[in-house]
Amino acid sequence: MGGVEVHALRGVDLKVEPGEFIAILGPSGSGKSTLFHVVGGLTPPTSGIVRIEGQDLAGMTERQRTELRRHAVGFVFQKFNLLPTLTASENIEIARDIAGNHQPLSHYFKEVVKVLGLSNRLDHKPYALSGGEQQRVAIARAIVNHPRILLADEPTGNLDTANSELVLNTLKQLNEEFGQTVLMITHNPEAAEFVSKRRIEMRDGLVTHDDY
Ligand SMILES: Nc1ncnc2c1ncn2[C@@H]1O[C@H](COP(=O)(O)OP(=O)(O)O)[C@@H](O)[C@H]1O
Ligand SMILES: [Mg+2]
C-alpha cells in the first residue's frame with residue numbers, strides 16, 4: 001500500500017471439514033476478507049499452502065482456479081452486487097451461464113428457492129426488492145452451481161434485524177438440511193452463536209481463537 005508492505009495474514013492455520021458452519025469474527029482490518037480471497041483462489045498467498053478438497057491451489061493452472069471459483073466455491077458479499085437491469089431469476093441464471101451450466105434447474109435449487117422465500121420474487125428487478133430479498137437472491141446465485149463451500153463476507157452487514165434473521169436462518173438451513181459447508185464473517189457475536197458451533201476469532205492477521 002503506497003510502497004509499504006501490509007501483512008494482511010500472518011500465519012493462519014485452519015482446517016475446515018465438509019459440512020461445517022464456521023463463524024469468523026474479528027475487528028476491521030484483521031484479515032478476514034483477505035482470508036476468503038485466499039481460500040477462494042482470488043488472491044495467491046505470498047507463502048503458505050491452501051488446499052481445497054486436498055488440492056493445492058498453487059499447483060493449479062489459472063484455468064483450473066477459475067473452474068474452482070465457478071464450481072467449488074460460492075461467494076456472498078455485504079454488498080449484494082446484483083445486476084440492476086436484470087430480474088432476480090436472470091441474476092441467478094447468469095451465474096449458471098458463466099459456469100457453462102445448461103442443466104435444467106435441479107430439485108435442490110428449487111427447494112432452496114422455496115427455503116429462501118423467493119418463489120414470488122423471481123421476476124422482480126433489484127430495485128423492487130428489499131435488502132433482505134436482494135441478499136437472498138445473492139445467496140441463490142452463489143449456490144446455483146452447487147458449490148461445496150460457501151463464503152459469506154458480512155452477509156448481514158447491510159441489513160436490518162428482521163432481514164438479518166431471514167438471511168441467517170437461510171444460511172443455517174442450507175447447512176443443516178443440505179449439508180452446505182459455510183464460512184461466514186460477521187461482526188455480530190449473537191449471529192455467530194445462532195448459526196455456528198465453531199467460532200473463529202482473528203486479530204492482526206492471526207487466528208487468536210478457534211473452537212475446533
Ligand atoms: N489490496 C490491498 N492492498 C493493501 N492492503 C490491503 C489490501 N486489502 C487489504 N489490505 C489490508 O490488509 C489488512 C486486512 O484487510 P481485510 O482482510 O480487508 O480485513 P477485514 O476483512 O478483517 O476488515 C488491512 O490492514 C487492510 O488495510
Ligand atoms: Mg472485510
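Order of appearance sets the numbers: ligands from 1, and atoms from 1 within every ligand. Please read these numbers as outputs of a predicted model, since none were measured by experiment. Index from 1, following the sequence.
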Numbering the atoms of ligand 1 from 1, which are under 4.0 Å from a heavy atom of Ser28?
-> 23 (O)

Look at atom 21 (O) of ligand 1 and find which of Ala8, Gly205, Ser33 reaches it with the closest heavy atom.
-> Ser33

Does even one non-hydrogen atom of Gly26 get within less than 4.0 Å of ligand 1?
-> no

Do Arg203 and Glu201 meet the salt-bridge criterion of a basic N to acidic O distance under 4.0 Å?
-> no

Do you see an N/O/S atom of Thr34, backbone or side chain, under 2.8 Å from the Mg ion (ligand 2)?
-> no

Protein heavy atom at shortest distance from atom 19 (O) of ligand 1 = Gly31 N, 3.2 Å

Heavy-atom check, side chain of Leu151 versus side chain of Val76, under 4.5 Å = no

closest protein heavy atom to atom 27 (O) of ligand 1 is Met1 CE, 3.9 Å

Is it the case that Lys172 places NZ or CZ above or below the six-membered ring of Phe194, under 6.0 angstrom from the centre and within 45 degrees of the axis?
-> yes

Glu190 atom CD, over 12 foreign heavy atoms within 6.0 Å = no

Is the shortest N/O to N/O distance between Gly29 and ligand 1 below 3.5 Å?
-> yes

Would one find more than 12 heavy atoms of other residues, nucleotides or ligands at under 6.0 Å from atom CG of Asp13?
-> no

May I ask you to identify, for Thr34, whether its side chain, its backbone, both or neither come under 4.0 Å of ligand 1 on a heavy-atom basis?
-> both

Distance-only N or O hit between ligand 1 and Val6, under 3.5 Å = no

Atoms in ligand 1 flagged as close to Ser30, the criterion being non-hydrogen separation under 4.0 Å | 19 (O), 20 (P), 22 (O)

Would you mind checking if Asp153 and Lys32 are paired as a salt bridge, meaning a charged N to carboxylate O distance below 4.0 Å?
-> no

Looking only at heavy atoms, what is the nearest atom pair of Met184 and Phe21, with distance?
-> CB-CE2, 3.9 Å

Is the number of heavy atoms from other residues, nucleotides or ligands under 6.0 Å of Gln103 CD greater than 12?
-> no

For atom 22 (O) of ligand 1, closest protein heavy-atom neighbour = Lys32 NZ, 2.7 Å

Answer yes if a protein heavy atom lies under 4.0 Å from atom 13 (C) of ligand 1, otherwise answer no.
-> yes

Pro27 near ligand 1 by a heavy-atom separation under 4.0 Å | yes

How about Gln55: does its CD atom have over 12 heavy atoms from other parts shown lying under 6.0 Å from it?
-> no

Atom 17 (O) of ligand 1 protein-contacted, heavy-atom criterion under 4.0 angstrom | yes

Taking every heavy atom of Val144 against every heavy atom of Arg96, the minimum-distance pair comes out as CG2-CD, 3.3 Å

Less than 4.0 Å between atom 8 (N) of ligand 1 and some protein heavy atom, yes or no?
-> no

